[in-house]
Amino acid sequence: MSLYLHDTSTRTVREFVPVKPGRVSIYLCGATVQAPPHIGHIRSGVNFDVLRRWLTHLGYDVWLCRNVTDIDDKIIRVAAEEGVPWFVVAERNYRHFTWAYDALGCLPPTVEPRATGHIPEMIELMARLIDKGHAYAAGGDVYFDVRSYADRYGELSNQKLENMRPAADTDTDTHKRDPRDFALWKAAKPGEPTWRTPWGPGRPGWHLECSAMATKYLGSTFDIHGGGVDLLFPHHENEQAQSRAAGDGFARYWLHNGLLTLGGEKMSKSLGNSLLVSEMLKVVRAVELRYYLVSAHYRSPIEYSEEALQEAATAYRRIEGFVTRAAEIVHDVDKDVPLPQAFVDAMNNDIGTPQAIAAIHESVREGNAALAQGNKDRVARILAETEKMLDILGLNPRSEQWRSAGDDTGLRDTVDALVSVVLEQRQAARARKDYATADAIRDQLAAAGIVVEDTPQGTRWELAR
RNA sequence: GGUGGAGUGGCCGAGUGGAUGAGGCAGCGGCCUGCAAAGCCGCGUACACGGGUUCGAUUCCCGUCUCCACCUCCA
């Protein structure tokens with residue numbers, strides 16, 4: 001079975017075939033860096049990171065272009081409120097986003113272009129649109145003329161032009177020929193940052209940057225364009241309209257992740273209900289937060305609750321427990337074991353991470369049984385396949401990403417030596433059936449944050465979570 | 001008004017025209033253990049509501065209700 005993905009433009013799950021064999025190009029709408037990220041933003045990053053890892057596993061050379069929109073109304077407003085230049089706000093929030101993506105284990109994108117670094121490409125695109133009669137300059141603004149493209153405008157979001165509500169009037173709308181026309185370029189206003197164009201100084205509108213950057217880095221036609229469903233209209237519709245009207249093929253598959261809601265409403269700064277990533281990581285470890293996000297299908301809405309998050313953390317620790325215990329007796333992990341078919345099928349079916357995780361739990365259960373039986377060969381095989389699945393989801397507790405987060409290896413060896421001395425005394429107490437002493441030692445270690453477990457292979461310890 | 005999406009057991013969350021209801025969490029019983037912990041085994045009268053199609057619908061169709069998102073700030 002090959003990979004099937006849900007394509008928003010056809011509203012069907014269809015077979016994925018890349019433009020160029022062996023290579024996949026993905027453009028992901030990243031951040032508009034107007035504020036630090038909440039977990040909804042990072043959900044999108046994690047969802048597409050999993051897609052990317054799966055495509056890589058399938059043998060594709062994956063090019064991921066994740067943009068940074070570093071100029072918009074809100075950035076300008078925040079900067080004005082703080083009395084600093086726009087780029088101070090943009091840079092500060094850009095760093096918050098980078099930190100959060102890294103913290104959640106998202107692999108860095110192949111390229112991460114910024115809107116303000118691509119003004120010439122935007123000018124070139126606007127010139128092509130004006131040439132073809134799909135855009136016009138008016139009063140220093142440049143607008144896309146939706147009526148010149150009326151037969152195709154709305155095809156991505158499945159809407160008809162005549163059904164669209166006219167845009168709420170704002171002062172910048174006065175030069176539009178049609179209220180539904182959207183700004184490619186906004187004329188300079190006093191105190192705002194500007195760049196020079198043939199139509200006068202100004203700054204980019206919201207959608208133009210993505211078209212300009214996607215085609216610059218990925219080509220005029222590329223494979224996958226992703227983002228949250230809230231971007232479907234107008235953002236993605238407008239991107240597609242302006243690019244295709246200009247003669248580019250643009251995205252062949254559109255993937256949209258579901259939103260994260262809190263209290264039944266979309267998480268957003270304006271509603272005051274956003275949960276910052278930095279705050280969440282005080283509640284659970286980053287890998288547990290990632291597990292929480294990956295355990296729902298990417299297109300499903302997630303209604304956030306702390307209880308569900310804690311459950312996810314507990315479920316993850318079950319997996320982690322097996323991997324940790326198995327790795328204590330298995331030292332050479334075979335990287336070439338086949339993945340369980342259930343996992344492969346789940347991932348190929350529109351990145352079915354819930355079923356993929358179910359497959360992991362199945363392996364863990366088998367692995368725990370093998371561990372109890374002391375069947376080392378079987379443990380080795382199951383550990384190998386389990387880690388391989390976990391790596392694809394970015395959840396392997398022994399990966400570079402998550403291992404370093406926990407404990408320092410050198411320090412761990414020191415603690416191990418100390419704990420071993422104490423455990424020897426406990427073992428001696430147990431041998432003479434002095435259980436009061438043995439239990440007292442165990443309690444003292446527990447108070448120090450060390451959990452002791454007696455197993456058929458002997459006593460082991462680990463740090464409490 | 002238009003366009004999408006959702007409503008599944010105590011909770012989270014998949015999925016399917018049927019014969020045994022993914023997986024996890026919680027709970028109960030058992031095994032293991034000196035006791036624990038961890039683990040394993042077992043235990044669940046579910047699919048918002050009303051019609052229809054069908055031998056059979058949670059799954060398909062029609063309608064209703066509730067909720068979410070978008071309709072030019074949004075992941």
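A note on names: the letters A, B, ... follow the listed sequences, proteins ahead of strands, and every chain is numbered from 1.
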Taking only the side-chain nitrogens and oxygens of [X], find out if one of them lies under 4.0 Å from OP1 or OP2 of [N].
X        : N     : answer
A:Thr261 : B:A69 : no
A:Lys266 : B:C70 : yes
A:Asn158 : B:G4  : yes

Base, sugar-phosphate, or nothing: which does [X] touch, judged by heavy atoms less than 4.0 Å apart?
X        : answer
A:Ala315 : sugar-phosphate
A:Leu259 : base
A:Glu362 : sugar-phosphate
A:Gly321 : nothing
A:Leu28  : nothing
A:Gly258 : base

Rounded distance (Å) that lies between atom [atom2] of [N] and atom [atom1] of [X]:
X        : N     : atom1 : atom2 : result
A:Leu231 : B:C71 : CG    : P     : 10 Å
A:Leu232 : B:G2  : CG    : P     : 18 Å
A:Asp230 : B:U72 : CG    : P     : 14 Å
A:Glu320 : B:C25 : CD    : C1'   : 16 Å
A:Gln159 : B:G5  : CD    : P     : 13 Å
A:Arg180 : B:C70 : CZ    : P     : 21 Å
A:Glu237 : B:G4  : CD    : P     : 13 Å
A:Leu395 : B:G24 : CG    : P     : 16 Å

Starting at the 5' end of nucleotides 34-43 of chain B, put B wherever the base has a protein heavy atom under 4.0 Å, S where only the sugar-phosphate does, and a dash everywhere else.
BBBBSSSS--
Base-contact (B) and sugar-phosphate-only (S) positions in nucleotides 6-21 of chain B, heavy-atom cut-off under 4.0 Å, - elsewhere:
-----BSSSS------
Same-atom distance ([atom1]) from [N] to [M], integer angstrom:
N     : M     : atom1 : value
B:G56 : B:G52 : P     : 11 Å
B:C31 : B:A46 : P     : 30 Å
B:G5  : B:U45 : P     : 33 Å
B:U58 : B:U20 : P     : 16 Å
B:C32 : B:C40 : C1'   : 8 Å
B:G21 : B:A37 : C1'   : 32 Å
B:C67 : B:G27 : C1'   : 30 Å
B:G44 : B:A26 : C1'   : 13 Å

Which nucleotides of RNA chain B pair, in dot-bracket form (Watson-Crick or G-U under 3.5 Å, | meaning another strand):
(((((((..(((.....[....))).(((((.......)))))....(((((..]....))))))))))))....
Hey, do the aromatic rings of A:Phe222 and A:Phe250 have their centres closer than 6.0 Å?
yes
May I ask you to check whether A:His38 and A:Tyr304 place their ring centers less than 6.0 Å from one another?
no
Applying salt bridge (charged side-chain N to carboxylate O under 4.0 Å, His left out) as the test, list every pair that has at least one member in residues 305-314 of chain A; sequence neighbours left out.
none
Geometric cation-pi criterion A:Arg412 and A:Trp461, 6.0 Å radius, 45° cone:
yes
Validate the cation-pi geometry between A:Arg66 and A:Tyr101: distance from NZ or CZ to the six-membered ring centre under 6.0 Å, angle to the ring axis within 45°.
yes
Does either side chain, that of A:His235 or that of A:Glu239, offer a donor lying less than 3.5 Å from an acceptor on the other one?
yes
Applying ring-ring contact (aromatic ring centres under 6.0 Å, His included) to A:Tyr316 and not counting sequence neighbours gives A:Tyr291
Considering residues at least two apart in sequence or located in another chain, which fulfil the ring-ring contact (aromatic ring centres under 6.0 Å, His included) criterion with A:His134?
A:Tyr149
The side chain of A:Glu265 lies closest to which of these nucleotides: B:U72, B:A22, B:A69?
B:A69
Option passing side-chain hydrogen bond (donor to acceptor under 3.5 Å, both in side chains) with A:Gln34 (candidates A:Asp70, A:Asp72, A:Asn93)
A:Asp72
Salt bridge or not between [X] and [Y]? Use side-chain N to carboxylate O under 4.0 Å.
X        : Y        : value
A:Arg325 : A:Glu462 : no
A:Asp439 : A:Arg442 : yes
A:Asp181 : A:Lys176 : no
A:Asp49  : A:Arg53  : yes

For the pair A:Met280 and A:Leu309, evaluate side-chain contact (heavy atoms from CB on, under 4.5 Å) and give the outcome as yes or no after the intermediate values.
CA-CA 10 Å; A:Met280 308 277 309; A:Leu309 179 62; 3.7 Å; yes
Take A:His38 and A:Arg11, find for each the nucleotide of RNA chain B with the closest heavy atom, and name the residue whose nucleotide sits nearer the 5' end.
A:Arg11
